[in-house]
Amino acid sequence: MNSTIPIIEIDPSAGFCSGVNRAIRFAEENLQYLDSLSCIGNLVHNEAELKRLKSLGMNFIEHEDIGPETKNVFIRAHGEPPETYKKLESSENHIVDATCPVVLRLQRKVKESSRIFHENGKGKVIIFGKPGHPEIIGLLGQTYGNAILVKNIDEAHQLDFSLPMAIFAQTTANEDEYNLLCRFISEQSFLKTGSHGNVEIFQSICRQMSQRVPTLRGFAKSHDIIIFVSGSESSNGKYLAGISREINPRTYVVKDITEIGDWFQITDRIGISGATSTPLWLMQSVADYIKSSFEQKQ
Ligand code: SF4
């Protein structure tokens with residue numbers, strides 16, 4: 001090994017989750033034989049990967065662009081509410097549905113709880129997540145007008161704790177915050193009703209996400225500096241970069257090699273990590289760039 005090049009390692013747990021990998025694979029396969037393919041919203045929150053998909057022929061559209069002329073429409077891993085499917089079917093679009101199976105299962109459970117409360121005439125579905133996030137829009141779309149979106153524990157103070165409740169989290173939500181929220185609602189419900197049976201809690205955070213946090217903590221601890229590669233719009237990227245920074249204050253977030261600064265020392269053990277929307281090829285390009293910048297100094 002050349003002693004003037006620092007150790008540079010890519011976090012083995014970083015990169016696309018299985019849901020995003022599957023969606024990208026669907027997109028690549030379909031782009032080979034469809035004459036056009038339009039994705040509603042960004043397929044991943046990563047500018048470099050979007051550019052690569054555009055170069056393969058993918059168009060990116062918004063809901064209002066759906067019409068007979070869009071012809072083939074791609075639904076990304078986050079999923080969509082039923083209204084989107086209706087709109088696509090009524091304009092006779094061919095649907096390439098890459099909704100993540102984990103998200104699909106969650107949509108079905110949310111729908112089932114909401115249906116039961118609707119038929120019983122009381123009860124609320126509580127969804128913990130980020131307002132406006134596409135997965136949340138898809139989840140709220142499954143319900144019968146009896147769901148409440150809660151973005152933090154402060155908002156939970158407004159709930160009517162006398163009602164039965166079913167609590168769900170966005171698959172990429174912060175697990176610690178979700179557990180606190182569930183405990184708070186359960187306690188308040190018990191105080192109000194005297195029963196522990198009024199609140200049902202669903203552990204709906206994706207295991208790939210919840211396992212990612214302890215692995216990243218270990219990776220951040222075992223390296224002197226972390227270069228965290230993430231698109232600027234990725235909420236998962238912001239969350240994971242924050243976890244890395246808590247453990248290792250020398251955590252720098254970059255979208256690609258153009259944002260890399262003069263942050264390294266020859267003795268550093270350098271770790272490259274990324275969000276669930278960061279492609280492996282992009283983290284590899286960052287590792288190669290850092291390595292070549294040291295080689296050029298020799
Ligand atoms: S984070 Fe989990 S639920 Fe979300 S797309 Fe990836 S695999 Fe699916």
Side-chain angles (χ1 to χ4, degrees), residues 11-30 39-46 48-50 53 58 60 74-81 84-85 95-113 125 127-142 149 151 167-179 201-217 219 228-231 233-244 273-283:
D11 181 352
S13 73
F16 290 153
C17 61
S18 63
V20 172
N21 252 328
R22 179 174 169 274
I24 303 266
R25 203 180 60 241
F26 273 24
E28 288 171 344
E29 284 167 9
N30 280 276
C39 177
I40 311 169
N42 289 339
L43 201 156
V44 283
H45 294 304
N46 186 280
E49 181 63 10
L50 290 177
L53 289 166
M58 180 72 103
F60 291 95
F74 187 90
I75 293 181
R76 57 195 169 169
H78 296 311
E80 285 288 331
T84 305
Y85 290 87
I95 303 172
V96 179
D97 193 346
T99 306
C100 173
V102 178
V103 175
L104 266 183
R105 274 199 296 278
L106 175 56
Q107 286 185 347
R108 286 191 198 116
K109 285 183 190 163
V110 165
K111 186 173 185 174
E112 179 61 5
S113 293
V125 169
I127 302 178
F128 173 59
K130 191 177 164 199
H133 189 283
E135 182 186 315
I136 290 293
I137 294 169
L139 292 175
L140 290 171
Q142 309 300 320
L149 174 64
K151 72 172 184 296
I167 320 177
F168 298 88
Q170 185 178 329
T171 57
T172 50
N174 178 315
E175 195 170 26
D176 293 340
E177 282 178 29
Y178 182 55
N179 289 339
I201 296 168
F202 291 83
Q203 292 303 339
S204 57
I205 294 177
C206 174
R207 290 182 73 195
Q208 289 183 46
M209 279 300 300
S210 53
Q211 285 167 2
R212 192 61 226 289
V213 171
T215 327
L216 175 62
R217 284 197 175 115
F219 187 77
F228 195 92
V229 189
S230 175
E233 282 182 33
S234 167
S235 45
N236 165 258
K238 284 181 195 140
Y239 168 57
L240 291 177
I243 299 272
S244 175
S273 192
T276 51
S277 52
T278 305
L280 184 58
W281 64 261
L282 189 58
M283 288 183 282

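Every number for a ligand or one of its atoms is a count from 1 in the order of the listing.
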Checklist entry - Going by atom types alone, do N236 and T276 pair a side-chain donor with an acceptor below 3.5 Å? => result yes

Checklist entry - Mind checking what makes salt bridge (Lys or Arg N to Asp or Glu O under 4.0 Å) contact with E177, not counting sequence neighbours? => result none

Checklist entry - What residues form a side-chain hydrogen bond (donor to acceptor under 3.5 Å, both in side chains) with Q208, not counting sequence neighbours? => result S18

Checklist entry - Parallel under 30°, tilted from 30 to 60°, perpendicular over 60°: which one fits the rings of H133 and H45? => result perpendicular

Item to check | Protein N, O or S atoms lying under 2.8 Å from atom 2 (Fe) of ligand 1, listed by chain and number | outcome: C206 SG

Next on the checklist: Distance alone, cut at 3.5 Å: any donor-acceptor contact between the side chains of R105 and T171?
Outcome noted: no

Item to check | Residues that K151 engages under salt bridge (Lys or Arg N to Asp or Glu O under 4.0 Å), provided they are two or more places apart | outcome: E155

